[in-house]
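Here is the structure we will look at.
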Amino acid sequence: RIDQRTQASPILKELRPSPAAMGNRQSSREIRMPLVVGTIMPDSSQALRHQTNMNDDCAVCIGPLACATTHTLRQCNHTFHCLCLASALQAQQLCPMCRTPVSTEECAKLASTLLADPNSATLACELLMERRQEAVEMDEDVIEAIRRSAKEGDETKIPSLAAFLGRGDGKRKHYSAAVKVAALEALRKLVPAFPRSWVGFPYALQLLQSVASEEPDEEVRVQAIKALREVAQKGDQDTISCLKCVIDGSKAPPDVRLAAADAVRALSERGDVSAARAAFAAFVDADGGVRSVGLAALRTICGRGDCLELLGDFVELTTNHPDVGVKCGALEVLGQAEVEGGALTIEAAKMCLRDPTQEVRRSALECLKRVWKTGDRDAVATLAGLISGAGDPQLKIDALEALPRVAVRPDAVAVAAAADAIASPQDIVRVSAASVLPRLCDRGDSAVLGKMMAHLDHRDAEVRRHAVEMLGAIATSRDTAVKERLGQLVNGRDEDERLMAESALRRIG
């Protein structure tokens with residue numbers, strides 16, 4: 001029998017009906033199964049004579065009708081194996097015997113019969129899709145057929161799924177978004193079942209990348225990107241490059257860019273510059289949700305000393321970007337990626353300490369705390385200036401808490417800044433200074449003791465109490481002047497000062 005395939009769907013080349021799909025044959029003679037019936041059909045008179053002589057055989061495969069499920073065409077009452085008839089109708093919508101036209105409804109009925117058998121479900125998909133122009137309502141049947149036909153590890157279904165996505169070989173057809181989403185879900189089920197060494201992996205990735213980049217429907221693109229997130233390996237440069245193009249594309253809707261940014265975060269490896277550039281594109285996106293995911297990806301990628309090529313881009317954001325959140329995020333990444341003592345980041349962060357926005361100033365200080373080297377005199381002077389200056393109390397507290405990390409004990413500038421902060425008008429600053437000062441100086445430090453003795457005459461009772469507490473923590477038993485002054489407080493009228501002075505004297509010994 002001649003097998004003409006010039007007009008048959010190219011996808012069917014991968015969808016040959018298996019013997020199992022045809023049932024168990026008990027006949028002793030050899031049964032010849034066609035791959036696809038082509039455009040040249042059996043001659044009508046010849047077929048009629050054959051049907052007359054062999055009333056119980058299928059005229060397409062010349063096999064017994066009893067060996068598999070059959071279907072009778074209502075238009076002419078000719079009966080065939082379902083799979084044989086479906087193959088023939090894909091080539092021409094005519095009866096294989098008498099060439100009577102077969103209606104779209106008849107094709108749909110045949111496809112419904114095929115859906116009951118998972119082995120022939122893909123063929124049912126094809127048959128339904130061929131007639132979709134006249135039967136849009138068949139989408140649900142097509143989707144169900146795709147789901148039935150997609151079995152884990154079955155690589156023969158990949159070409160069919162590619163065709164449903166409009167990217168198979170041959171003439172492209174336009175299928176509904178619902179069908180494309182079902183095809184993508186099937187790919188997400190099929191591809192991970194293969195080993196990474198499978199030769200079809202590059203083709204599957206290219207297919208998903210193509211849909212993610214070019215598909216006009218938003219939901220289909222999102223599903224393709226999610227499939228890439230699951231299928232691609234971490235660090236896959238082609239996939240990351242594709243996702244960066246999606247994020248950079250001004251025409252991509254926010255949901256598509258968000259899905260691409262999330263995929264970049266999932267596929268990124270620490271120190272991957274390409275992934276960092278893709279995450280950077282998401283970080284400067286106009287949509288706040290995309291920016292948040294981009295920043296999360298950058299936190300994963302940029303470790304100490306990683307992606308130093310991008311530091312200049314982040315520095316530019318700290319000075320020129322109008323969004324406060326972007327400035328703060330850029331400072332965070334700079335503090336995480338810059339090497340200790342990095343001059344570029346230190347200079348940019350110091351400029352941000354003068355920013356009018358509180359959030360930016362605090363982020364700048366956090367960045368500096370991570371980059372400054374211990375013993376950096378310029379760093380100590382900067383912190384001392386923040387502590388003594390007017391303005392944000394929280395920034396002063398942050399600067400006080402940074403002093404023990406940066407200053408080398410004892411550091412006169414650091415000690416003086418903390419000692420003066422004991423007399424700050426803000427109580428929260430005084431409490432922080434009282435906590436930090438003992439960590440900055442040695443016991444018996446005369447400069448600190450002199451400042452604390454002066455604070456005992458302060459008009460604010462809270463300042464005097466903090467001074468008493470510091471004297472007990474810093475003075476030694478040889479500091480007689482301190483012990484005498486504390487003794488006077490023990491005999492004073494203020495009950496709280498009297499109790500604190502007694503406690504301080506016990507600590508001094």
Side-chain angles (χ1 to χ4, degrees), residues 283 291-292 295 298-299 302-305 308 310-409 411-437 439-440:
F283 178 56
R291 288 199 301 269
S292 297
L295 179 58
L298 288 168
R299 289 173 180 145
C302 300
R304 179 71 67 201
L308 298 180
L310 300 180
L311 291 186
D313 296 329
F314 287 103
V315 168
E316 186 176 353
L317 291 179
T318 64
T319 56
N320 297 327
H321 203 281
D323 188 271
V324 171
V326 171
K327 285 185 176 181
C328 293
L331 286 164
E332 178 186 347
V333 175
L334 284 171
Q336 181 174 308
E338 180 65 279
V339 296
E340 192 174 36
L344 180 66
T345 295
I346 290 175
E347 187 61 30
K350 285 176 67 176
M351 290 181 61
C352 289
L353 288 174
R354 299 190 290 272
D355 192 274
T357 310
Q358 179 187 33
E359 292 90 337
V360 175
R361 293 195 299 269
R362 294 190 63 186
S363 295
L365 183 55
E366 286 299 317
C367 174
L368 288 168
K369 286 161 61 176
R370 300 187 68 172
V371 179
W372 272 330
K373 289 183 177 180
T374 301
D376 187 329
R377 303 292 300 170
D378 182 67
V380 173
T382 299
L383 292 172
L386 292 174
I387 294 166
S388 60
D392 180 12
Q394 186 59 52
L395 191 64
K396 293 183 178 183
I397 293 171
D398 293 341
L400 281 164
E401 292 176 351
L403 275 176
R405 180 198 172 282
V406 176
V408 176
R409 179 175 176 168
D411 186 299
V413 176
V415 169
D420 290 339
I422 294 291
S424 171
Q426 292 101 5
D427 184 57
I428 56 174
V429 176
R430 294 195 295 265
V431 171
S432 179
S435 171
V436 168
L437 186 57
R439 291 184 280 158
L440 293 172

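Because the structure is predicted, anything quoted here is derived from the model rather than measured. Values below: all heavy atoms of this structure, side chains included; hydrogens, waters and symmetry mates excluded.
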If I take atom [atom1] from residue [X] and atom [atom2] from residue [Y], how far apart are they, to the nearest 0.5 angstrom?
X	Y	atom1	atom2	value
Lys396	Leu365	NZ	CG	13.5 Å
Leu310	Glu316	CG	CD	12.5 Å
Ile387	Asp398	CD1	CG	10.5 Å
Glu366	Gln336	CD	CD	13.0 Å
Arg405	Leu403	CZ	CG	11.5 Å
Gln358	Ser363	CD	OG	10.0 Å

Could you go step by step and tell me if Val406 and Thr374 meet the side-chain contact (heavy atoms from CB on, under 4.5 Å) rule? CA-CA 4 Å; Val406 176; Thr374 301; over 6 Å; no
Do Glu332 and Arg299 pass the salt bridge (charged side-chain N to carboxylate O under 4.0 Å, His left out) test, and can you show the C-alpha distance, the side-chain angles, and the key distance before you say yes or no? CA-CA 9 Å; Glu332 178 186 347; Arg299 289 173 180 145; 2.6 Å; yes
Shortest non-hydrogen separation from [X] to [Y] and the atoms involved:
X	Y	result
Ala433	Leu400	N-CD1, 3.9 Å
Ala330	Phe314	CB-O, 3.7 Å
Gly335	Val371	CA-CG2, 4.0 Å
Val324	Val360	CG1-CG2, 3.8 Å
Asp411	Ala407	CB-CB, 3.9 Å
Arg361	Asp392	NH2-CB, 4.0 Å

Any donor-acceptor N/O pair, Thr318 side chain to Val315 backbone, under 3.5 Å: yes
Take Asp313 and Leu317 through the test side-chain contact (heavy atoms from CB on, under 4.5 Å) and record every step on the way to the result. CA-CA 7 Å; Asp313 296 329; Leu317 291 179; 5.9 Å; no
Side chains of residues 338-352: which donor-acceptor pairs under 3.5 Å do they make with residues two or more places apart or in other chains?
from, atom 1, to, atom 2, distance (Å)
Glu338, OE2, Thr345, OG1, 2.8
Lys350, NZ, Asp378, OD2, 2.9

With side-chain hydrogen bond (donor to acceptor under 3.5 Å, both in side chains) as the test, would you mind laying out the steps for Thr357 and Glu359 before giving the verdict? CA-CA 6 Å; Thr357 310; Glu359 292 90 337; 5.3 Å; no
Yes or no on side-chain contact (heavy atoms from CB on, under 4.5 Å) for Thr382 and Leu353, after CA distance, side-chain angles and deciding distance? CA-CA 10 Å; Thr382 299; Leu353 288 174; 3.9 Å; yes
Just jot down the side chain to side chain donor-acceptor pair (under 3.5 Å) partners of Arg370, sequence neighbours excluded, or say none. none
